[in-house]
Amino acid sequence: MNSSRIYPYPSRRYATYAANGMCATSNHLAAQAGIDMLKKGGNAFDAVVAMAACAIVLEPQTNGAGGDAFAIFSTPDGRLHGMNSSGVMGSAFTLEKMLEDGYDEMPAYGPKPITVPGVTAAWAALVQQHGRLSLGEVLAPAIRYAKEGQAIATITCTSIETMASRLRENTDCGPEFEEWFNTFMPNGCVPTPGELFYNKPLGETLEKVAKTNGRELYEGETAEKIVECCRRYGGFLTREDLANHQVEWVKPLSAAYHGYEVWELPPNGQGLVALMALNILNGFEPSPADDLLGTHRQIEAIKLAFSDGLKYITDPRHMALRPEELLTPEYAARRRALIGGTALEPFPGDPRNSGTVYMCAADREGNMISYIQSNYAGFGSGVVIPGTGIAMQNRGKSFSLDANHANVAAPGKKPYHTIIPGFLTKNGKPVGPFGVMGGFMQPQGHVQVITRYIDCGMNPQACIDAPRWQWTKGKNISVEAGFPQHLVEGLLASGHKMSYDINTGAFGKGQMIFKTEQGTLIGGTEPRCEGACAAW
């Protein structure tokens with residue numbers, strides 16, 4: 001039987017097919033907005049930005065205008081391009097002052113972990129350089145949802161309740177968090193599913209973003225409000241930091257894997273972790289689905305790759321080595337040789353000595369884009385800029401305060417980034433975009449869905465449906481409900497410390513859009529959230 005018709009996991013979803021265009025993301029209204037852009041004459045770039053803008057209104061628990069964005073995309077000529085719109089630590093930051101104030105790590109909440117946001121600059125750059133519609137047309141659906149309201153989803157309500165508890169438990173809920181409670185709990189309580197939810201100030205900010213081609217957050221009235229809020233409550237951003245932000249166009253990195261090429265962005269993102277793991281696994285024979293030895297090897301490869309990633313990855317201007325040094329066949333072979341039949345304690349090598357929201361879109365012209373944006377941990381810093389509706393990220397939490405660490409915080413420096421878009425090609429020709437969002441789960445999710453597609457011949461929906469594992473630290477592996485019992489028992493016998501996690505959100509949320517052999521599109525969307533794959 002054709003593998004595209006095989007659905008071994010109980011998501012109750014079938015892969016989506018289309019000829020003219022496809023948009024996949026974790027919210028059905030956002031996916032619909034993307035399709036609307038295609039129908040009115042836009043292309044995949046217009047569609048993905050429309051989805052991204054809707055996502056900050058409809059899924060505020062995972063992303064926002066105060067976050068960062070990355071993309072990998074192909075154009076009709078088959079060429080691949082990369083975009084990095086992540087921001088830097090504010091120029092008012094000093095490591096000495098943080099240490100003097102008693103910090104031994106970056107805080108998770110408040111203005112201190114706020115870095116320069118890159119999302120709206122990314123939108124403007126993609127639409128201006130590659131889209132067909134105006135930014136105003138593309139942002140119109142998001143503006144409408146923000147100002148006119150939309151029925152709030154169950155997962156958003158749960159996330160608001162969780163964030164409120166975290167702020168109360170981990171902070172003194174000072175005035176810097178007041179606007180977050182006013183925005184997301186306007187009546188003093190958590191909204192209920194289906195309740196109309198508004199963020200009118202955000203709608204007004206998005207209108208300004210559209211009129212200024214995305215520069216409102218960097219040079220306009222909103223920029224002044226961001227800086228004033230950070231200054232008042234001990235943050236580090238200045239007007240110059242915002243004004244200096246520019247989108248970077250970068251060359252994606254790749255690793256060969258069993259007849260395909262898997263593409264990720266270079267650091268400061270952690271896509272390099274996925275490529276290092278696949279580079280290691282490429283030396284093993286393909287494994288069938290739910291195979292014990294294959295699963296063990298994937299876990300070991302991820303542990304080794306993460307150990308290197310956490311040691312070396314930071315702003316590329318501050319890395320001790322070039323990313324390509326971690327992707328050589330010789331280094332992969334040395335790391336592969338460490339993998340035996342039992343679980344190992346991960347450790348970094350030395351090659352010299354040898355919440356996020358993901359979305360993708362495709363159009364009939366051949367444009368395909370893998371795009372991701374995030375506020376990092378759930379609602380991010382817990383700081384909403386008064387009068388703007390903008391929730392700010394806490395990406396600075398990823399920085400170290402160890403002066404000897406590659407990723408030590410410094411003014412004007414980009415931190416290690418967890419959000420990574422993925423792309424697949426075969427013989428140099430685009431197959432399509434894929435991604436699994438979810439913090440440090442992302443490279444692990446990329447490895448799991450791609451090996452299932454390439455090695456097991458599964459269709460995109462089945463790849464995304466498959467129960468996942470997650471390495472957390474040491475020999476600790478958590479698995480979600482439905483993970484095969486024979487694998488749990490076999491991994492235990494191999495020395496892995498196994499546990500179940502009932503929080504399905506911990507295992508990432510994925511989307512995939514690939515080209516079929518017939519030249520049409522096939523897509524899969526995430527059953528662990530309100531994912532949707534809209535087609536035209």
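Predicted model only: the values in this text are computed from it and were never measured.
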Atom pairs and distances, donor-acceptor, side-chain atoms in residues 47-55, under 3.5 Å, two or more places apart:
none

Donor-acceptor contacts, no H, no angles, side chain residues 102-113, under 3.5 Å, sequence neighbours left out:
unit_1 : atom_1 : unit_2 : atom_2 : d
E105   : OE2    : K397   : NZ     : 3.4
K112   : NZ     : G234   : O      : 3.4

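Between atom CZ of residue R395 and atom NZ of residue K414 there is a gap of 12.5 Å, rounded to the nearest 0.5 Å. The CZ atom of F45 sits 5.0 Å away from atom CZ of F73, with the distance rounded to the nearest 0.5 Å. Atoms CD and SG, from E59 and C529 in turn, are 6.5 Å apart once rounded to the nearest 0.5 Å. One finds the CG atom of L272 at 4.5 Å from the CD1 atom of I313 (value rounded to the nearest 0.5 Å). Summarising the geometry, atom CH2 belonging to W180 is positioned 9.0 Å from atom SG belonging to C173; distances are rounded to the nearest 0.5 Å. Rounding to the nearest 0.5 Å places OG1 of T205 at 7.0 Å from NZ of K225.
Residues V116 and D68 share a closest heavy-atom pair of O-OD1, 3.3 Å. Here the closest heavy-atom approach between residue W471 and residue F306 is recorded as CZ3-CB, 3.4 Å. Taking all atoms of both residues into account, the shortest heavy-atom contact from P348 to D308 is CA-OD1, 3.3 Å. Across all non-hydrogen atoms, the minimal contact from A506 to D501 is CB-OD2, 3.7 Å. Closest approach of P433 to M368, counting heavy atoms only: CD-CE, 3.6 Å. Here the shortest heavy-atom pairing between N43 and D46 reads N-OD2, 2.9 Å.
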Quiz item: Is there a side chain to side chain contact (heavy atoms under 4.5 Å, CB included) between V88 and K413 once you walk through the steps?
Solution: CA-CA 5 Å; V88 301; K413 184 178 179 180; 5.8 Å; no
Self-check item: side chain to side chain contact (heavy atoms under 4.5 Å, CB included) between L253 and E324, intermediate numbers included
Solution: CA-CA 8 Å; L253 297 172; E324 292 82 1; 3.6 Å; yes
Practice problem: Could you walk me through whether D241 and S91 pass side-chain hydrogen bond (donor to acceptor under 3.5 Å, both in side chains), step by step? | Solution: CA-CA 7 Å; D241 295 328; S91 56; 3.1 Å; yes
Quiz prompt | Step-by-step side chain to side chain contact (heavy atoms under 4.5 Å, CB included) determination, M437 to V357 | solution = CA-CA 6 Å; M437 58 188 178; V357 66; 4.1 Å; yes
Quiz prompt | Worked check of side chain to side chain contact (heavy atoms under 4.5 Å, CB included) between F181 and R168 | solution = CA-CA 11 Å; F181 286 95; R168 289 166 177 153; 3.8 Å; yes
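Side-chain atoms of N268 and F70, non-hydrogen and from C-beta on, do get closer than 4.5 Å to each other. By the 4.5 Å heavy-atom criterion applied to side chains, I160 and F379 are counted as neighbours. Annotation: side chain of L265 is not in contact with side chain of I420 (no heavy-atom distance under 4.5 Å). Annotation: side chain of E179 is not in contact with side chain of V383 (no heavy-atom distance under 4.5 Å). The side-chain heavy atoms of L206 and I56, taken from C-beta on, include a pair separated by under 4.5 Å. At least one side-chain heavy atom of R528 sits less than 4.5 Å from a side-chain heavy atom of R468. Annotation: side chain of M276 is in contact with side chain of L327 (closest heavy-atom distance under 4.5 Å). No side-chain heavy atom of F399 sits under 4.5 Å from any side-chain heavy atom of H405.
Put simply, the side chain of N375 gets close to the backbone of A391: a donor and an acceptor are under 3.5 Å apart. A donor-acceptor contact shorter than 3.5 Å links the side chain of Q270 to the backbone of G439. A donor-acceptor pair under 3.5 Å links the side-chain atoms of S370 to the main chain of G422, judged by distance alone. Without hydrogens or angle criteria, T314 side chain to H318 main chain gives no donor-acceptor distance under 3.5 Å. R322 places no side-chain N or O within 3.5 Å of a backbone atom of P316 that could act as its donor or acceptor partner. For the pair D315 (side chain) and R317 (backbone), a donor-acceptor distance under 3.5 Å is present. Side-chain atoms of S85 do not come within 3.5 Å of backbone N or O of Q246 as any donor-acceptor pair.
Applying side chain to side chain donor-acceptor pair (under 3.5 Å) to T525 and the options H28, K509, Q511 leaves one that passes, Q511.
A donor-acceptor pair shorter than 3.5 Å cannot be found between the side chains of H130 and N367. No hydrogens or angles considered: a donor-acceptor pair under 3.5 Å links the side chains of T222 and E216. Y376 and S381 share no side-chain donor-acceptor pair at under 3.5 Å.
In this structure, E228 pairs ionically with R231, as a charged nitrogen and a carboxylate oxygen lie closer than 4.0 Å.
The aromatic rings of F236 and F93 sit perpendicular, their planes meeting at an angle over 60°, well past the 30° parallel limit.
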